[in-house]
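Worth knowing before you read on, the calculation uses all heavy atoms, side chains too, and leaves out hydrogens, waters and symmetry mates. Note that the structure is predicted; figures quoted are calculated from it, not measured. Letters A, B, ... mirror the listed sequences (proteins, then strands); counts begin at 1.
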Amino acid sequence: MTRVRTRFAPSPTGFMHIGNLRTALYAYLLAKSSGGDFILRIEDTDRARYVEGAVEFIEKTLEAAHIIPDEGPHHGGKFAPYVQSERMPIYKKYAEQLIESGHAYRCFCQQSEEQSDGEKKFGGYDRHCRDLSQAEIEKNLADGLPYVIRQKMPLAGETTFFDVLHGNITIANSELEDQVLLKRDGMPTYNFANVIDDHLMEVSHIIRGTEFITSTPKHVLLYQFFGWEPPTFIHPAPVMGKAADGTISKLSKRHGATSFNDLIQAGYLPEAITNYVALLGWSPKNSNQEIFSMDELIAAFSLEGLSKSPAVFDYDKLDWMSGEYFKRMSDEQFADSARSFVELDDNLSSKWTFLAGLLKTRVSKLSDIQPAIRFLIEKPPFDAELFVNKKNKITVEKSIEIITPALGAIEAIDDWTLETIGAAIAAFTTSTGLKVGTVMWPLRVGLSGQKVTPGGVNEILYLLGKKNSIARLNETLDNLRAL
RNA sequence: GGCGCCUUGGUCAAGCGGUUAAGACUCCAGCCUCUCACGCUGGCUACAUGGGUUCGAAUCCCAUAGGCGUCACCA
């Protein structure tokens with residue numbers, strides 16, 4: 001059995017779409033699950049679309065996602081170069097070989113040429129250049145006429161190829177246009193370069209989007225023309241997005257964050273993103289496991305688990321998975337990863353690990369943190385409504401009755417630690433003879449200025465510090481009495 | 001429009017001729033609880049439609065519908 005070699009072949013657009021990331025992931029998992037190689041190849045044959053620095057961006061993104069190429073532009077490998085624009089002589093050689101064997105021809109048609117008869121027309125050219133005499137060709141060449149090299153498709157019959165997900169797919173050759181192999185500028189088209197490179201680089205399995213299904217017969221014909229063995233094809237369905245109005249379409253900008261980078265910036269962990277994306281179109285056999293480390297994905301991956309229907313990207317589920325990753329981290333780890341997403345004052349930054357521990361189970365992405373802790377830095381405006389709570393039998397009067405003596409108890413705390421605070425508040429609560437909830441409600445609301453807080457009274461007191469806590473409670477008291 | 005692919009709850013998704021049609025997310029209810037969250041219990045919701053084949057079909061076949069893709073000197 002030949003060695004499994006897969007490749008990820010993005011064009012350098014400076015953007016790593018989630019769908020691309022998933023394709024890369026599957027290719028990587030397939031290779032690694034069978035001890036093979038994963039290749040990164042840059043398909044930069046469209047000069048107009050080239051984005052400066054995009055290659056480095058792709059490499060950095062893959063690295064962040066823990067998808068590490070064995071061969072690539074900056075990873076080396078015996079089939080270098082791995083950037084198509086650096087392989088032009090190779091494509092030229094094979095294109096000419098095809099002309100000689102009668103499977104390709106020089107086409108001198110202008111791009112905008114119109115065809116008037118009722119014959120089937122392919123992209124502004126007809127097939128008359130197929131029949132040019134050698135003399136005509138020589139003349140055109142001598143005149144310096146620009147030309148492209150086109151693949152000479154069989155006019156009859158059909159081409160069948162096997163796709164792991166879809167089985168045999170057959171397309172009539174009459175549906176196939178004479179594909180341009182070499183463009184006017186000498187660059188190869190995708191449809192040509194990928195065949196040459198995949199063969200030369202000994203790629204065994206091609207994983208790419210379904211948008212390539214209909215052009216695969218062209219590739220298969222090329223393999224036949226050259227007498228090469230075609231690789232195994234796998235065409236997973238695209239990742240879809242759901243718009244606000246419920247319509248479903250290929251995941252794009254209108255659906256929000258759609259690139260790996262967008263998601264990182266929103267504060268999702270790379271591991272969580274990779275994990276979630278892996279499950280969008282793949283599921284493990286004989287298991288319901290959902291949380292996977294990269295090593296576990298490699299161990300569990302198999303082509304049989306791939307789905308052939310499109311999957312809708314679900315931010316709710318990503319949020320859940322993200323939360324699962326947070327919960328499995330230690331407070332220290334979480335505090336560390338979240339640190340760059342928050343701005344803290346000196347007081348809070350000295351208690352950051354503790355605060356982070358409180359937040360860990362309450363956020364689904366790191367960018368949720370800052371809004372959740374703002375009340376600790378700046379107290380929200382007074383709102384009397386907050387001091388009325390039916391369930392805990394709290395009213396404004398009752399709040400004043402509780403906060404006033406509580407202030408005394410708080411002022412009496414010398415050593416400001418979570419333990420001493422907890423003990424003092426517990427003792428105070430007991431002394432009032434009231435239910436815990438009844439006592440805590442006005443205190444928490446009075447301290448935080450909001451109904452919902454991460455952590456309870458003890459934690460907030462600790463985080464705020466003695467001086468600040470007392471100041472806030474006094475202010476609250478003033479406001480309540482003024483009503 | 002031609003050609004191709006796809007179709008199990010709102011979403012992901014098991015299932016490969018015989019099941020009470022898994023599991024997860026979301027949502028709802030309850031428990032826990034000083035709020036929220038976590039955790040725990042439980043619940044709602046699905047085989048696109050119509051024909052076959054078969055003792056028996058979500059599973060096989062054929063239509064129909066809908067969705068998606070493709071028809072570039074982009075990938």
Side-chain angles (χ1 to χ4, degrees), chain A residues 9-13 20 43-46 48-49 107 109 111 120 122-125 146-150 163 165-166 169-172 174-177 179-191 193-194 208-217 235 237-238 240 242 246-250 276 279-291 304-305 307-321 323 327 358-363 372 386 389 391-392 425 429 435-445 448 450-460:
Chain A
S11 55
T13 59
N20 283 131
E43 312 227 320
D44 60 343
T45 55
D46 184 359
R49 293 217 303 180
C107 175
C109 294
Q111 288 178 68
K120 181 151 189 174
F122 292 101
Y125 77 100
Y147 66 89
V148 297
I149 295 180
R150 306 191 97 107
D163 180 288
L165 259 32
H166 306 288
I169 293 177
T170 300
I171 291 179
S174 59
E175 291 295 322
L176 274 21
E177 65 168 308
Q179 175 65 234
V180 169
L181 267 18
L182 233 44
K183 300 186 253 187
R184 195 163 299 218
D185 64 4
M187 281 286 194
T189 56
Y190 167 83
N191 292 107
N194 97 83
R208 84 238 290 196
T210 43
E211 64 268 31
F212 292 111
I213 284 184
T214 42
S215 50
T216 302
H235 291 103
M240 311 297 280
K242 193 176 197 171
T247 52
I248 289 174
S249 56
K250 199 168 172 178
Y276 175 67
L279 260 25
L280 261 187
W282 173 82
S283 66
K285 290 294 165 195
N286 314 314
S287 146
N288 276 329
Q289 185 177 347
E290 293 200 284
I291 305 298
E304 291 73 48
S307 163
K308 55 185 173 180
S309 50
V312 176
F313 191 96
D314 182 3
Y315 291 93
D316 283 336
K317 183 116 189 194
L318 206 216
D319 281 351
W320 167 79
M321 184 163 286
K327 282 180 278 184
L358 250 31
L359 265 4
K360 205 170 64 174
T361 59
R362 283 168 239 256
V363 298
L386 297 178
N389 181 281
K391 189 185 164 204
N392 287 314
I425 295 297
T429 304
K435 284 170 62 178
V436 178
T438 306
V439 176
M440 297 299 187
W441 184 276
L443 289 177
R444 206 187 63 256
V445 167
S448 69
Q450 53 190 38
K451 198 183 286 185
V452 174
T453 58
V457 171
N458 297 168
E459 289 78 14
I460 296 170

Considering the options Lys308(A), Arg208(A), His166(A), which one meets the side-chain hydrogen bond (donor to acceptor under 3.5 Å, both in side chains) requirement together with His235(A)?
Arg208(A)
Between rC44(B) and rG30(B), how far is it from one C1' atom to the other, in whole Å?
15 Å
Provide, to the nearest angstrom, the distance between the NZ atom belonging to Lys435(A) and the C1' atom belonging to rC34(B).
11 Å
Quantified in whole Å, what is the P atom distance between nucleotide rU54(B) and nucleotide rA22(B)?
30 Å
Do Ile169(A) and Thr216(A) make a side-chain contact, defined as non-hydrogen atoms from C-beta onward lying under 4.5 Å apart?
no
Whichever of Ile171(A) and Thr210(A) has its nearest RNA chain B nucleotide further upstream toward 5'
Ile171(A)
In whole Å, what is the span from the CD1 atom of Ile425(A) to the P atom of rU33(B)?
19 Å
Closest nucleotide among rC5(B), rA75(B), rU26(B) to the Trp320(A) side chain:
rU26(B)
Heavy-atom closest pair (Leu358(A) atom, Pro454(A) atom, distance to 0.1 Å) is CD2-O, 4.2 Å
Step by step, work out the side-chain contact (heavy atoms from CB on, under 4.5 Å) result for Asn392(A) and Met440(A).
CA-CA 9 Å; Asn392(A) 287 314; Met440(A) 297 299 187; over 6 Å; no
If rG69(B) has a Watson-Crick or G-U wobble mate with both distances under 3.5 Å, name it; if not, just say none.
rC3(B)
Using a 4.0 Å heavy-atom cut-off, does Thr45(A) contact any base of the nucleic acid, only the sugar-phosphate backbone, or nothing at all?
sugar-phosphate
Strand partner of rU64(B), provided both Watson-Crick or wobble distances fall under 3.5 Å
rA48(B)
When the C1' atoms of rU45(B) and rA13(B) are compared, how many Å lie between them, rounded to an integer?
15 Å
Of all the choices, rA75(B), rA72(B), rC68(B), which nucleotide is nearest to the side chain of Met240(A) once you look at every atom?
rC68(B)
Within the 4.0 Å heavy-atom criterion, would you say Ser448(A) contacts the bases, only the backbone, or no part of the nucleic acid?
nothing
Could you identify the nucleotide paired to rU59(B), looking across every strand shown and requiring Watson-Crick or G-U wobble geometry with both distances under 3.5 Å?
none
Choose from rA75(B), rU26(B), rA37(B) the nucleotide whose nearest atom is closest to any side-chain atom of Thr361(A).
rA37(B)
Distance between P atoms of rG1(B) and rU64(B) (Å, rounded)
13 Å
So what does Gly437(A) hit on the nucleic acid, given a heavy-atom distance under 4.0 Å: a base, only sugar-phosphate, or nothing?
sugar-phosphate
What is the distance, to the nearest angstrom, from the CG atom on Asn286(A) to the P atom on rG23(B)?
17 Å
Sort out the partner of rC32(B) for me: Watson-Crick or G-U wobble, both distances under 3.5 Å, none otherwise.
none
If the threshold is 4.0 Å, N to carboxylate O, is there a salt bridge linking Lys317(A) and Asp314(A)?
no
Which one is paired to rC38(B), where only Watson-Crick or G-U wobble pairs with both distances under 3.5 angstrom count?
none
Take atom P in rG51(B) and the same atom in rU59(B), then report the distance between them in whole Å.
14 Å
Both distances below 3.5 Å, Watson-Crick or wobble geometry, any strand: find the nucleotide opposite rG9(B).
none
Rounded P spacing from rC25(B) to rA57(B) in Å
34 Å
Quick one, Pro217(A) and Leu176(A) - any side-chain contact, counting heavy atoms below 4.5 Å?
yes
Does the structure show a Watson-Crick or G-U wobble partner for rU53(B), both distances under 3.5 Å? Name it, or say none.
none
I'd like to check Trp441(A) versus Lys451(A) (side-chain heavy atoms, cut-off strictly below 4.5 Å). Are they in contact?
yes
Rounding to the closest angstrom, what is the interatomic distance between rG50(B) and rA46(B) at atom P?
16 Å
Considering only nitrogen or oxygen atoms on both sides, find all protein atoms under 3.5 Å from nucleotides 11-14 of chain B and state each distance.
unit_1: rC12(B); atom_1: OP1; unit_2: Val312(A); atom_2: N; d: 3.0
unit_1: rC12(B); atom_1: O2'; unit_2: Leu279(A); atom_2: O; d: 3.1
unit_1: rA13(B); atom_1: OP1; unit_2: Gly281(A); atom_2: N; d: 3.2
unit_1: rA13(B); atom_1: O3'; unit_2: Ser283(A); atom_2: OG; d: 3.1
unit_1: rA14(B); atom_1: OP1; unit_2: Ser283(A); atom_2: OG; d: 2.9

With nearest nucleotide decided by heavy atoms, which residue, Asn458(A) or Ile169(A), maps closer to the 5′ end of RNA chain B?
Ile169(A)
Considering the options Glu459(A), Arg444(A), Arg362(A), which one meets the side-chain contact (heavy atoms from CB on, under 4.5 Å) requirement together with Thr453(A)?
Arg444(A)
Okay, side chain of Ser283(A), backbone of Leu279(A): is any donor-acceptor separation there less than 3.5 Å?
no
Considering every strand and a 4.0 Å limit on heavy-atom distances, what is the contact class for Lys327(A): base, sugar-phosphate, or nothing?
sugar-phosphate
Can you tell me how far P in rC27(B) sits from the matching atom in rA21(B), rounded to whole Å?
27 Å
Report yes if at least one side-chain N or O of Lys308(A) is closer than 4.0 Å to OP1 or OP2 of rG4(B); otherwise report no.
no
